[in-house]
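Being a predicted model, the structure only gives us computed values, none of them experimental. Chain identifiers are assigned alphabetically (A, B, ...) following the order of the sequence lines, protein sequences preceding nucleic acid strands; residue numbering begins at 1 within each chain.
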Number of protein chains: 2
Amino acid sequence: MTRKPTQTALPSATRASAKGAAPAGNVEVPASNRATRAAERRAAIVDAAMEEFIARGFAATRLDDIAKRAGVAKGTIYLHFRDKESMFEELVRIVIVPVVARLTALPPPAGSVRDLIEAFAGNFLKEVIGTRRGDLVRLIVAEGPRFPSVADFYYREVVSRGIAAMRALIELGITRGEIRDKELARYPQILVAPAMIAVIWQSLFARHAPLDAQDMLRVHLDLIFGERRTT
Amino acid sequence: MTRKPTQTALPSATRASAKGAAPAGNVEVPASNRATRAAERRAAIVDAAMEEFIARGFAATRLDDIAKRAGVAKGTIYLHFRDKESMFEELVRIVIVPVVARLTALPPPAGSVRDLIEAFAGNFLKEVIGTRRGDLVRLIVAEGPRFPSVADFYYREVVSRGIAAMRALIELGITRGEIRDKELARYPQILVAPAMIAVIWQSLFARHAPLDAQDMLRVHLDLIFGERRTT
DNA sequence: TGACTATGACTGACTAGTCAGTCATGTATC
DNA sequence: GATACATGACTGACTAGTCAGTCATAGTCA
């Protein structure tokens, strides 16, 4: 009984992945074929879900809100994801994977170890700290204990790789005589710690006391590499 | 409409803080007077709430579960706290304040700056890392964005004080020639970062890769103070 | 090319279940 | 006996997930 959606508009954001996630008011752009449209919708749902989960956390996020933000009916979400939980898990994968790929693909085997690490830090600064992706990291820290599969994935794909990569760089630095402290290779976490703190700080305390992450990371590298660089 | 907490007692935990928090099966020990009993109940509720909030986060925690764990009826919770939200906020205060007090009251003005910082780190290791209180820190990171009052409180009472204290120590270290890098005073976060990372690591990744926090902090201090100490 | 049919993406009202907060009814204390 | 405290069944608001029905589009045929 009752039923008669009429359903005129069908937003769909024409690719663009609509970061801003314009809710309702977007104009009809009936993308070519069905498959494309579906992919666009899926992307819109992912973006919307990301925003909502970051803003409210897993439990407090309503699928109705995600649907509204994505400009889609609630049922549509279930055409793309099994349920709320698996949507959250997939979401993390979908967003994390390309970032890792980009950060990993970097190593331009040029210059000193310090140059390499600085390039890496620069990218991290640009790609993560203070961005939506930084918030995602905080979200993983927050929900990790309740989503072992997410924590596992994150450890496997990001943390263990990152630690291994940093360890390799540190060992190279020690071999080349750029880094004096040989013990550092045992705890690459020390190298990464200020960057992580910066991510969390921006999320939580930026409005109390803004933090110049770039400068802080430079000071930290000075500490490790022992000398002042450039100016 | 509706709302009228009744909000009678405000016991104030008469200290005691009953860490053990025996769940249901506690044999009634009709402690002398009403005030004492009430204080015990309040403490039991605080402990139970702490456990539940840490395990599930704010939104997913059920007051029924807190009540059951505390060995109390749900209504009793409302004799002590206005609602779930203010319970969470008070909880953070109740648990954090004594920890800060204990960590702050330390400074035995003896020995080198490194000794001071090492003593501090040792206490932090014992009191926070890998304990329930460490989980609370993770919880604050998790819920902070949704509870500005909690984030504010935490910044004011813990972060800003901690940063200021560390800065003072660093400056003293620089004056005394123990610390070479003068820039460090601008970012006390660098000094603290590995400790925070240890807290988070224990919560999330300990079962994937255990971390010897104590050793890591030692290596980090070696990095800052430049030389190896003892053995 | 135009008309007609089949497909399945999409919708949103609905169901079943959950849980914060209430309050009438005890019960212990003074 | 009066008061303060404690209880837990109850209410009502809210939401994850469902599914019967719709309709734009792809496919087929003349």
Under the rule for side chain to side chain contact (heavy atoms under 4.5 Å, CB included), what residues qualify as partners of A/A60, not counting sequence neighbours? A/R56, B/A59

Between [atom2] on [N] and [atom1] on [X], what's the gap in Å once rounded to a whole number?
X	N	atom1	atom2	value
B/E85	C/dC19	CD	C1'	15 Å
A/I77	D/dA16	CD1	C1'	10 Å
B/K84	C/dC19	NZ	C1'	8 Å
A/Y78	C/dC14	OH	P	18 Å
A/E40	D/dT25	CD	P	12 Å
B/F81	C/dT22	CZ	P	16 Å
B/I45	D/dC5	CD1	C1'	12 Å
B/R82	C/dT22	CZ	P	11 Å

A/D83 or B/V72: which one's nearest nucleotide on DNA chain D is closer to the 5' end? B/V72

Which residues in residues 55-66 of chain A have a heavy atom closer than 4.0 Å to any atom of DNA chain C? none

Does the side chain of B/T76 get closer than 4.0 angstrom to OP1 or OP2 of D/dA6 through an N or O atom? no

When you measure from the side-chain N and O atoms of B/R41 to the phosphate of D/dT7, is any distance below 4.0 Å, counting only OP1 and OP2? yes

Evaluate the ring planes of A/F205 and B/Y155, with Trp represented by its six-membered ring, and classify them as parallel (under 30°), tilted (30 to 60°) or perpendicular (over 60°). tilted

Salt bridge or not for B/E143 and B/R146, using N-O below 4.0 Å? yes

Is the shortest side-chain N to carboxylate O distance from B/D64 to B/R69 below 4.0 Å? no

Which nucleotide in the set D/dC5, C/dC10, C/dT11 lies at the smallest distance from any side-chain heavy atom of B/L79? D/dC5

Begin with the C-alpha distance, continue with both residues' side-chain angles, and end with the deciding distance and a verdict on salt bridge (charged side-chain N to carboxylate O under 4.0 Å, His left out) for B/R132 and B/D135. CA-CA 5 Å; B/R132 194 92 316 150; B/D135 289 324; 3.7 Å; yes

Scan side-chain atoms only and decide if A/E52 and A/T61 contain a donor-acceptor pair under the 3.5 Å cut-off. no

Confirm from the modelled atom types if A/K74 and D/dG17 form a donor-acceptor pair under 3.5 Å, side chain to base only. yes

Does atom CD of B/E127 have more than 12 heavy-atom neighbours from other groups under 6.0 Å away? yes

